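Note that the structure is a prediction, hence the values are computed from the model and not measured.
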Amino acid sequence: MLSIIRSSHGLQRFMLLLGFIMVAAFILIAIFAPWIAPYDSNDDRANGVIFGTQQAPSAAHWFGTTVGGTDVLSRVIFGTRTAVIVIVLAVVLSGVIGVPLGLISGYLGGWLDRVLVLIMDALYSFPSLLLAIVVAIVLSGGNSGAFGGIMAAAISITVVFIPQYFRVIRNATLAVKVEPYVDSARVVGVRTPRILFKHIFANVSQSLPVIGTLNASEAILTLAGLGFLGFGIEPSAAAEWGYDLNKAMPDASSGIWWTGVYPGLAIVLIVLGTTLVGESLNDILNPLLRTRGSETTSADEEEVIAGFEEAQVEVHNDADQAPVLSPSKSRNHERLDFEARKLAPQSAAAKDVKRVATLSLSNLSVAFQTDGGVVNAVNGVSFDVAPGEVVAVVGESGSGKSVSSRAILGLLPSTSHVGGSAKLGGRELLGMSNSQLRPIRGDQVSMIFQEPSTALNPVYTVGWQLIEGPRAHGEMTKKEARARAIELLELVGLPDPTRRVDYYPHQLSGGQKQRVVIAMAISCDPDVIIADEPTTALDVTVQAAILELLLSLRDRLGTAIVLITHNMGVVADMADRVVVMYRGKVVEEAEAGTLFKMPQHPYTKRLLAAVPHLGQENGPGQVNDNEVVLSIEDLVVDFPGSFGQPTFRAVNHVSLEVRRGEVLGLVGESGSGKSTIGRTTVGLQQPTSGLIRVDGQEISGLSDRQLRPLRARFGFVFQDPASSLNPRMTIGQCIGEPLRTQSPLRGKELDAKVRSLLESVELPGGYAERFSHELSGGQRQRVSLARALALGPDLLIADEPTSALDVSVLARGMGLVKGLQQRLQFACLFISHDLAVVDSLANRVAVMQNGKIVEVGGREQVLGSPRDEYTKRLIAAVPVPDPDEQRRRRAERGHLLSDIS
């Protein structure tokens, strides 16, 4: 309760407290009704003296008397008791029935789900009051004693509410059951009841307080409606506000207002109180409506600061000037500011050659007002970009890159405060209103967003979205607009633009959607394009084509490009200058070639040293003599098509094996079937045909029940460490779940094993009491690895385990995996699209394309001297973090990428 109140602010807190006070007052009145009310609800006399009918309010009867001669105040008080009992019973009963049905229906699906949905939809189609009347008549015939009448009213309202709970919980369950943390529980053999309660219900139950309070309001009105229409509780058995309102109707025309006003006012106040609580809880508990802090946790900051300190020590030791390092956070900031001032080169504006800046930022600062206080996301950022120049802004998550770019166009939320200066050709942008920025957005400064699937509106064609900007900034006929859309699609190299201009986003591939987003960005020939991680979600071949496109547009149109990225290979491929950001500040700025060859700042050196590089020497060799742990023979996995569509074959007759102590890197582009093979190997997906053996035992085609005793033999590391850990469970509970399911360990022995596993992945044992949101991305990935290795598996499946990590955290994670694999000698199927990471870890490499293995062999052979054309194209597309080498690779790859779309 106190935590909820602390989470509220201002008017929201006032409404919540007012609602709580009103509801609490009615509950107290209901509990102490016999002691508070001056008379019984049906008393019409006291000590033999008749009260009299329709008496006005007086000292003897504060609220007057009714047409039946009873005390209005007493009936209102006892009516409160009746209402509260019915509301509580109805809300609890509907939740107790509706929630389990929603959980079971959403999780199990199939015929049971279809039947339950049909029943609930049928109930939901009836008007709630009419349905309650029908149920009340069936249960009691509209006439019953106190207990029977209250139960009949409660059950009739319960029938109305069950479909609401069912639908909300079922829909939430459908969303949660596909989360990786549910799959991780299935992988270790957790039984269905525990999955339903511990993993699904715990993560869908946050909406129940909101539903309950809002349903309570509806229950009051429904109960009053039943009583008003004569289908409620027998009047002689219990007081009921709706019945009293019905009897007061004739009094209103005679000026006898008190018999109806007070029951009506009681209904209004209790409905208002519960509604205030419900709406306030909805706003407080809804994460989309909360003002959060920065993107990084304190654990992220600690990890990055630690790396920064290590880099400083190395630099100062080399110069024989090692400083004394203070552990305090404030001193960390002071050291960073000092190093930035000392080591960062002069900005281009201060050089001998005068630059004409298209966009210039000066001392830009951004702060956010959040639930946890003020967060300074950007602090004193200054840089500029000239016409035809590409300036890369780099740094790890939470460094302030995207916040800086959004501040330029006024795209930050209302909780932000922006200071400093952002000038476009001498015109100040900061402080402009939305109406003043509208002619600038898209026309002079445009933005390419990180995820094209969410940047495009799914209900409009790409052609309509392409011309939205030009038509907003100038007069254009429909015919001219269509011609312009086709021209733009042709300019960005989309095949068959005349036909695809009428496509919807879902009909295009990821690379094609990104081309459309770029076409939207250049549709008004802007002076500046801000590209925010434009290739993060793309495969390397598509990424290479998109980078070629951006450079060609720069050359043809003279557009200035601000490239925001954490991919140093992309920076080496595209950038003329580089701005390095750390915790909201610019720590270094230099020409791209200079920065990669001679980085000055310790953080920049650490960042570049952590980047994996394709073509490393002294990598892992082949393991040929050990026994085979995983054997896949002629595996086929088909997915049924939608209505009228053919079956889709995701895996097409694949055979491979992994030996003990070996890492097999499985690489390929999105949709090639890599993850499907991994999921099929551990029983999360059933194969269509083929054989899968682990330690010689066939596991393909086994049910969850049959697989449960075998699941200790394999572990699974999921792609996103944040979503693979249940947010409602502590780290210790997450790691201990496989042990609790598959071993006899309990109590102190279990806790000791969890702490030992944490220490094996270089985390303190005390982290067992933390929750996943309190850890950094790298720490969460280490927890996922500890859980996967908890049972000492013979086989580890790692599905894109490094894709969500920053480069410095990635380097540490790769070193950890190497060490554990060499020590424990488990077989590992390492699924990734990052060839540089695979080059660092894998003994052998298998390349997939369109569900088939096109090449497999030793790491040096496949990545160094590939035989298949697809493998050659895949390797040629990988950017390396060296501008000189990348220019050579760009010249050599020639025609290899010419057919990428």
Side-chain angles (χ1 to χ4, degrees), residues 290-296 340 347-349 357-370 372-386 389-451 454-455 469 517 520-521 526-534 536 559-566 577-589:
R290 298 189 64 184
T291 52
R292 297 181 296 174
S294 62
E295 296 176 0
T296 55
S347 68
T358 300
L359 177 67
S360 178
L361 305 185
S362 178
N363 202 30
L364 179 70
S365 63
V366 180
F368 293 96
Q369 182 65 49
T370 73
V374 176
V375 174
N376 295 309
V378 176
N379 190 0
V381 168
S382 300
F383 66 86
D384 54 41
V385 55
E389 184 184 30
V390 179
V391 173
V393 182
V394 304
E396 298 178 286
S397 300
S399 61
K401 308 185 300 296
S402 296
V403 170
S404 301
S405 66
R406 288 174 176 269
I408 296 169
L409 291 175
L411 298 178
L412 295 176
S414 60
T415 55
S416 63
H417 175 74
V418 182
S421 172
K423 292 184 177 180
L424 179 67
R427 186 181 182 188
E428 182 61 57
L429 299 180
L430 300 187
M432 284 188 174
S433 64
N434 277 327
S435 59
Q436 292 172 317
L437 282 171
R438 194 171 294 117
I440 297 173
R441 293 171 178 162
D443 189 44
Q444 298 174 50
V445 181
S446 63
M447 193 161 184
I448 301 171
F449 292 94
Q450 179 171 347
E451 177 50 66
T454 56
V517 171
M520 292 171 63
D527 300 317
V528 180
I529 293 177
I530 300 172
D532 188 0
E533 301 278 8
T536 295
T559 306
I561 298 176
V562 178
L563 175 67
I564 299 169
T565 184
H566 67 275
R577 281 189 304 123
V578 184
V579 176
V580 183
M581 291 188 67
Y582 168 77
R583 300 188 72 197
K585 298 181 181 181
V586 174
V587 297
E588 186 165 359
E589 179 180 351

message: Taking the side chain as everything from C-beta on, heavy atoms only, tell me whether Leu430 gets closer than 4.5 Å to Leu364.
response: yes
message: A side-chain contact here means heavy atoms from C-beta on lying under 4.5 Å apart; do Phe449 and Pro534 qualify?
response: no
Reported CZ-to-OG distance for the pair Phe383 and Ser360, which is rounded to 0.5 angstrom: 9.0 Å
- line: Value for CZ (Arg427) from CG (Leu359), rounded to nearest 0.5 Å, stands at 13.5 Å
query: Considering all heavy atoms of both residues, which atom of Thr358 and which atom of Ala386 are nearest to each other, and what is their separation?
result: OG1-C, 3.7 Å
Nearest-0.5 Å distance that lies between atom CD1 in Ile529 and atom OG1 in Thr559: 5.0 Å
message: Please find the pair of heavy atoms, one from Gly420 and one from Ser365, that lie closest to each other, and give the distance.
response: N-OG, 4.5 Å
task: For residues Ser402 and Ile564, determine if any side-chain heavy atom of one lies less than 4.5 Å from a side-chain heavy atom of the other.
output: yes
message: Less than 4.5 Å apart, side chain to side chain, heavy atoms only: is that true for Ile530 and Ile408?
response: yes
task: Given side chain to side chain contact (heavy atoms under 4.5 Å, CB included), test Gln444 with Leu424 step by step and report yes or no.
output: CA-CA 9 Å; Gln444 298 174 50; Leu424 179 67; 3.4 Å; yes
task: Check Ala521 against Pro526 and note the closest heavy-atom contact, atom names and distance.
output: O-CG, 3.2 Å
message: Taking the side chain as everything from C-beta on, heavy atoms only, tell me whether Val391 gets closer than 4.5 Å to Leu563.
response: no
field: For the student: nearest non-hydrogen atoms of Lys401 and Val393, plus distance
entry: CD-O, 3.5 Å
Donor on one side chain, acceptor on other, Ser405 and Asp532, under 3.5 Å: no
query: If we only count heavy atoms from C-beta on, is the Met581 to Ser404 side-chain gap below 4.5 Å?
result: yes
field: Contact summary for Ala455 and Val517, nearest pair of heavy atoms
entry: CB-CG2, 4.3 Å
query: Within the side chain of Arg577, is there an N or O that forms a donor-acceptor pair under 3.5 Å with the backbone of Asp384?
result: yes
- request: Measure the shortest side-chain to side-chain distance between Met447 and Leu409 over non-hydrogen atoms and say whether it is less than 4.5 angstrom.
  value: yes
field: Closest approach of Ala422 to Leu361 (non-hydrogen atoms, all atoms of both residues)
entry: CB-CD2, 3.5 Å
- request: Would you give the length of the straight line joining atom NZ of Lys423 to atom CD of Glu428, rounded to the nearest 0.5 angstrom?
  value: 6.0 Å
task: Output the distance between atom OG (Ser435) and atom CZ (Arg438), rounded to the nearest 0.5 Å.
output: 6.0 Å
query: Any sub-3.5 Å donor-acceptor pair from Arg441's side-chain atoms to Gly410's backbone N or O?
result: yes
message: With a 3.5 Å distance limit and no angle check, can you tell me whether Ser399 reaches the backbone of Tyr582 through a side-chain donor-acceptor pair?
response: no
message: Test your reading of the model: is there a side-chain donor-acceptor pair from Ser416 to the backbone of Ala367, 3.5 Å cut-off?
response: no
- prompt: Any side-chain heavy atom of Val366 within less than 4.5 Å of one from Leu412?
  reply: yes
